[in-house]
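Taking it in order: structure first as structure tokens, then the write-up.
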Amino acid sequence: MNSLASAVSTVPPTPAAGLRAWARLGFASLGFVYLVLGILAGMAALGVRGSAAPGQQEVFETIQHMPLGQVLLWLVAAGLLGYVAWRLAQALLDTEGRGLTVAGLAFRGFYLFSALLYGLLAFFAGKTAWYGRLPRGQETGKSELQKVLHQPHGQGLLALIGVVILGAGLLQLYRAWSGKFDTDVNGSPLTSAQRHLVYRMGQIGYSARAVVLSSMGHFCFLAAHHANANEIRDTQGCFHALQALGPEVLGTVAGGLTLYGAYLLVQAKHPILRGL
């Protein structure tokens, strides 16, 4: 929670500094969400919570039941919007100088996709904070994807969405094992041992994200191919699929997601925000 406090401890003197502070709060909020998600998934793998894998609603309700949970959940929603703003700046303002090449547009398209994804997460976090809980079926974007299949050309559109999500997962895996993510954290204040630890946390965390996103994209594409909306799976559905392979599989991914959450908290403390 120190990262949340440090991200909002100063009053930014300029709009750019304000976006930097908001983005840092976003990293901290997202890291906190991944920590809770990873811990709950790990508990499910160990049988502590029975056989039920966690979903988005379980994460938000867990946060809500913490001391000052309602305030904390609003803070998480606000922070996620800061993460969205940072991603939009990357995509639309090209703060990283990607340009208009094919590769550059692909990266900027991914940033836009990420903004949309976490914008939905912020919306559901705020909605949970406002109403206390979400009605079943509204806790994820799964129902929205199911609606796509029933639209004109919905089967092709859903297949495209599946390919995009699968591509995002593969990109996470590439970032993990190419070391490209290592430019996201300012390691100068850290010791050599700390930098190595943070690097491994990021590598394992990005790999775990790659597994979840790739699974989600795979099931989305299959749903389009079979014209069966029931085959679409959200995070919870992907956890169930991993759990079916064995509790050790879900436990490994859960551990990776927990490490990814910790990595994001470090990024909130020592960020590199190019172009801001």
Side-chain angles (χ1 to χ4, degrees), residues 30 33-34 37 41 44 52-60 80 83-84 87-88 90-92 102-125 127 134-176 206-246 249-250 252-254 256-257 260:
L30 191 57
V33 168
Y34 270 105
L37 178 64
Q56 183 174 285
Q57 179 169 325
E58 285 76 16
V59 171
F60 292 153
L80 290 173
Y83 186 86
V84 170
R87 283 303 199 188
L88 287 176
Q90 287 181 303
L92 304 179
V102 173
L105 289 175
F107 272 103
R108 294 170 69 179
F110 171 75
Y111 298 148
L112 196 60
F113 169 76
S114 180
L116 175 62
L117 180 66
Y118 289 109
L120 287 173
L121 191 65
F123 170 75
F124 289 123
K127 198 171 182 179
L134 290 176
R136 289 291 172 183
Q138 292 187 22
E139 64 267 24
T140 67
K142 177 181 176 180
S143 58
E144 299 302 319
L145 287 177
Q146 289 175 329
K147 293 176 184 177
V148 169
L149 192 58
H150 302 296
Q151 302 301 316
H153 309 293
Q155 198 169 350
L157 182 57
L158 187 62
L160 178 61
I161 292 173
V163 170
V164 169
I165 297 174
L166 179 60
L170 294 176
L171 179 61
Q172 299 300 295
L173 192 63
Y174 168 74
R175 283 177 61 82
Y206 273 103
S207 298
R209 282 194 75 207
V211 171
V212 176
L213 281 173
S214 298
S215 299
M216 201 177 297
H218 168 72
F219 285 119
C220 191
F221 184 84
L222 284 182
H225 180 67
H226 298 147
N228 182 2
N230 292 326
E231 293 189 46
I232 297 173
R233 300 203 183 188
D234 54 12
T235 303
Q236 186 177 38
C238 291
F239 282 161
H240 282 141
L242 293 172
Q243 195 170 28
L245 297 175
V249 177
L250 177 59
T252 300
V253 173
L257 293 176
Y260 183 69

Approximate separation, where rounding is to 0.5 Å, of [X] [atom1] and [Y] [atom2]:
X: Thr235; Y: Leu37; atom1: OG1; atom2: CG; result: 6.5 Å
X: Tyr118; Y: Phe124; atom1: OH; atom2: CZ; result: 14.5 Å
X: Leu112; Y: Gln90; atom1: CG; atom2: CD; result: 11.0 Å
X: Cys220; Y: Arg233; atom1: SG; atom2: CZ; result: 12.5 Å
X: Asp234; Y: His240; atom1: CG; atom2: NE2; result: 9.0 Å
X: Asn228; Y: Leu222; atom1: CG; atom2: CG; result: 10.0 Å

Checklist entry - Can you say whether the rings of Phe107 and Tyr111 are parallel (under 30°), tilted (30 to 60°) or perpendicular (over 60°)? => result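 The arrangement is tilted - the two ring planes meet at 30° to 60°.
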Is it the case that the side chain of [X] and the backbone of [Y] share a donor-acceptor pair, with hydrogens and angles ignored and the cut-off at 3.5 Å?
X: Ser215; Y: Val211; answer: yes
X: Gln236; Y: Gln56; answer: no
X: Gln151; Y: Val148; answer: no

Side-chain contact test, heavy atoms from C-beta onward, threshold under 4.5 Å: evaluate it for [X] versus [Y] and give yes or no.
X: Phe110; Y: Arg87; answer: yes
X: Phe239; Y: Leu257; answer: yes
X: Phe60; Y: Leu121; answer: yes

Next on the checklist: Taking side chain to side chain donor-acceptor pair (under 3.5 Å) as the cut-off, I'd like each qualifying pair that reaches into residues 155-166, sequence neighbours left out, listed once.
Outcome noted: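 For residues 155-166: none.
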Next on the checklist: Looking at Phe219, I'd like to know if its CZ atom is crowded, meaning that more than 12 non-hydrogen atoms belonging to other residues, nucleotides or ligands lie closer than 6.0 Å.
Outcome noted: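 More than 12 within 6.0 Å, yes.
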Checklist entry - Around atom NE2 of His150, are there more than 12 heavy atoms of other residues, nucleotides or ligands at under 6.0 Å? => result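 Result for NE2/His150: enclosed.
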Provide the closest heavy-atom pair for [X] versus [Y] in the form atom of the first, atom of the second, distance.
X: Ile165; Y: Leu213; value: CG2-O, 3.3 Å
X: Ala208; Y: Val253; value: CB-O, 3.7 Å
X: Ala224; Y: Ala159; value: CB-N, 3.4 Å
X: Ser114; Y: Tyr83; value: OG-CE2, 3.8 Å
X: Ala44; Y: Pro54; value: CB-CD, 4.3 Å
X: Cys238; Y: Val212; value: SG-O, 3.9 Å

Item to check | side chain to side chain contact (heavy atoms under 4.5 Å, CB included) partners for Tyr206, two or more places apart | outcome: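 Here the qualifying residues are Gln172, Arg175, Ala176, Phe181, Asp184, Arg209, Tyr260, Tyr263.
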